[in-house]
Amino acid sequence: MQLPPLSPTSLARAAALAVGSGLAVGAYAAWEARAYTLRHVQVPALPPGAPTLRVLHLSDLHMLPQQRRKQEWLRGLARLEPDLVVDTGDNLAHPEAVPVVCESLGPLLEVPGVFVHGSNDYFAPTLRNPLRYVLPDDGKRQTHTPPLPWPELSRRFVAAGWRDLTNVRDTLEVRGVRIALAGVDDPHLGYDDLAAVRGPADTDADLRLGVTHAPYLRVLDQYAADGYDAVLAGHTHGGQLCLPGVGALTTNCDLDTARAKGLHRHPADSHDGDPGSAWLHVSAGLGASPYTRVRIACRPEATLLTLTARP
């Protein structure tokens, strides 16, 4: 049965409905990108008898000097009084963002902390097709744009007492808990030097923690195989544009979409206590590219990880 053609009035109404729906979705996505959220996650990663540690995981600030609301929200995190701050990179989105990032962190810079950089700390963002956020990674990297002042950011962080984990291993003691650390430079750009941090994690440490900006499988596999208890990463933005009830459509790396954000195991089918496995926490981050500052079903976040003793 052939349906009758739509009248010009019906076509106009349908077009108006489509445009209105698109505008409504766009307005909501812009609002959600500013709906900063604090997540609370418990991780049983410490040995029996160890004191509980509160670890604040920050990632992907993508800070612009004019983002006052984000800066104020970030300053408010100092009230949490964490024992350790882990910053997994992409703090910058503007050549004048370093002072703003440091001022926003405020008293958190007085807390023991560690950091690595991401691609957006190194190179200025550019206008890109928004559809690239829901498509698989095409392998292209934006390394032709002006460099950002990441050396200044590193200097300020280190001067405040934070440890730079760029392709190094280190040790830190927090509240009597000895933490063996390993970190790599951004795997998304291929800057990670896994050979520099390869080898069994310190078995005498109370906690073995791996840090990376982008959770590429080669990095996660090595950390897990080397005996690290937990790995912290960012980069994915949690998928950024997600489908309600479905989740992330992409991770912008080779990590599966089911683990685009939150706490999981690595390898994915492993369990706590399995040899060669680790906890994996991926932060959805607090920001996005200034050219695509939208989110759907994936609010910007910081996470307070409460590390407890293993059963």
Side-chain angles (χ1 to χ4, degrees), residues 39-48 50 52-59 83-89 114-116 118 163 165-172 174 177-188 192-236 238 251 253-284 303-311:
R39 309 287 186 194
H40 293 266
V41 176
Q42 187 166 303
V43 189
L46 297 174
T52 296
L53 286 185
R54 291 156 54 85
V55 178
L56 180 62
H57 185 187
L58 300 174
S59 197
D83 303 307
L84 176 68
V85 179
V86 177
D87 185 315
T88 48
V114 300
F115 69 93
V116 294
R163 306 286 183 90
L165 294 184
T166 303
N167 293 326
V168 298
R169 295 169 63 153
D170 203 346
T171 303
L172 182 66
V174 178
V177 175
R178 187 166 181 267
I179 306 173
L181 299 157
V184 291
D185 206 347
D186 185 24
H188 192 60
D192 53 307
D193 185 355
L194 286 173
V197 298
R198 180 175 293 121
D202 185 358
T203 56
D204 292 331
D206 301 304
L207 173 69
R208 290 153 286 273
L209 185 63
V211 180
T212 178
H213 172 65
Y216 277 81
L217 295 179
R218 66 179 182 271
V219 179
L220 306 182
D221 289 346
Q222 178 168 307
Y223 280 152
D226 283 345
Y228 286 87
D229 302 301
V231 183
L232 271 57
H235 176 73
T236 66
T251 61
C253 63
D254 59 0
L255 184 70
D256 54 284
T257 56
R259 297 186 291 168
K261 63 179 179 179
L263 183 68
H264 303 275
R265 295 293 302 174
H266 187 79
D269 58 353
S270 66
H271 299 86
D272 189 15
D274 289 352
S277 70
W279 288 107
L280 168 65
H281 183 262
V282 181
S283 171
T303 306
L304 186 64
L305 301 167
T306 300
L307 273 55
T308 62
R310 291 184 291 271

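Note: hydrogens, waters and symmetry copies are ignored here, and every other heavy atom, side chains too, is used.
- Using cut-offs of 30° and 60° on the angle between ring planes, the pair H188 and H235 is tilted.
- Counting only distance, with no hydrogens or angles, the side chain of R163 and the backbone of T171 share a donor-acceptor pair below 3.5 Å.
- Across all their heavy atoms, P187 and T212 have their closest contact at CG-OG1, 3.3 Å.
- R39 is linked by a side-chain contact (heavy atoms from CB on, under 4.5 Å) to T37, R299, E301, T303, counting only residues two or more places apart in sequence or in another chain.
- The minimum heavy-atom distance linking A309 with P48 is given by the pair CB-CA, 4.0 Å.
- Using a distance-only test at 3.5 Å, with no hydrogens or angles considered, a donor-acceptor pair links the side chain of N167 to the main chain of D185.
- Looking at L209, L181, V177 one by one, the single match for side chain to side chain contact (heavy atoms under 4.5 Å, CB included) with L172 turns out to be L181.
- Summarising the geometry, atom CG belonging to L307 is positioned 9.0 Å from atom CG belonging to L84; distances are rounded to the nearest 0.5 Å.
- One distance of note links CD of Q222 with CG of L217; it measures 13.0 Å at 0.5 Å rounding.
- Ring orientation note: the planes of Y228 and Y223 are nearly perpendicular, at an angle over 60° on the 30°/60° scale.
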Side-chain donor-acceptor distances from residues 260-268 under 3.5 Å, at least two apart:
from, atom 1, to, atom 2, distance (Å)
H264, NE2, K261, O, 2.9
R265, NH2, H271, O, 3.2
R265, NH2, S277, OG, 2.7
H266, ND1, R259, NH1, 3.1
H266, NE2, D221, OD1, 2.7

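- Side-chain contact between V184 and V116: absent, with no pair of heavy atoms (C-beta onward) separated by less than 4.5 Å.
- Atom CG of residue L58 and atom OG of residue S283 lie 7.5 Å apart, to the nearest 0.5 angstrom.
- A salt bridge does not link D83 with R54: every distance from a Lys NZ or Arg NE/NH1/NH2 to an Asp or Glu carboxylate oxygen is 4.0 Å or more.
- Atom CG of D192 and atom CZ of R218 lie 4.0 Å apart (nearest 0.5 Å).
- Evaluation of the side-chain hydrogen bond (donor to acceptor under 3.5 Å, both in side chains) rule for D202 yields R178 as partners, not counting sequence neighbours.
- The line from OH of Y216 to CG of L255 is 10.5 Å long, rounded to the nearest 0.5 Å.
- No side-chain heavy atom of P215 sits under 4.5 Å from any side-chain heavy atom of V231.
- When all heavy atoms are compared, the tightest approach of R208 to T203 is NH1-O, 3.7 Å.
- One side chain, T88 or H57, offers a donor N or O that lies under 3.5 Å from an acceptor on the other.
- Residue W279 holds its CH2 atom at 8.5 Å from OG of S270, rounded to the nearest 0.5 Å.
- V197 approaches G183 most closely through the heavy-atom pair CG1-O, 3.6 Å.
- The nearest pair of heavy atoms linking V114 to V211 is CG2-CG2, 4.5 Å.
- Shown here for I179 and L53, the closest heavy-atom pair between the two residues is CD1-CD1, 4.2 Å.
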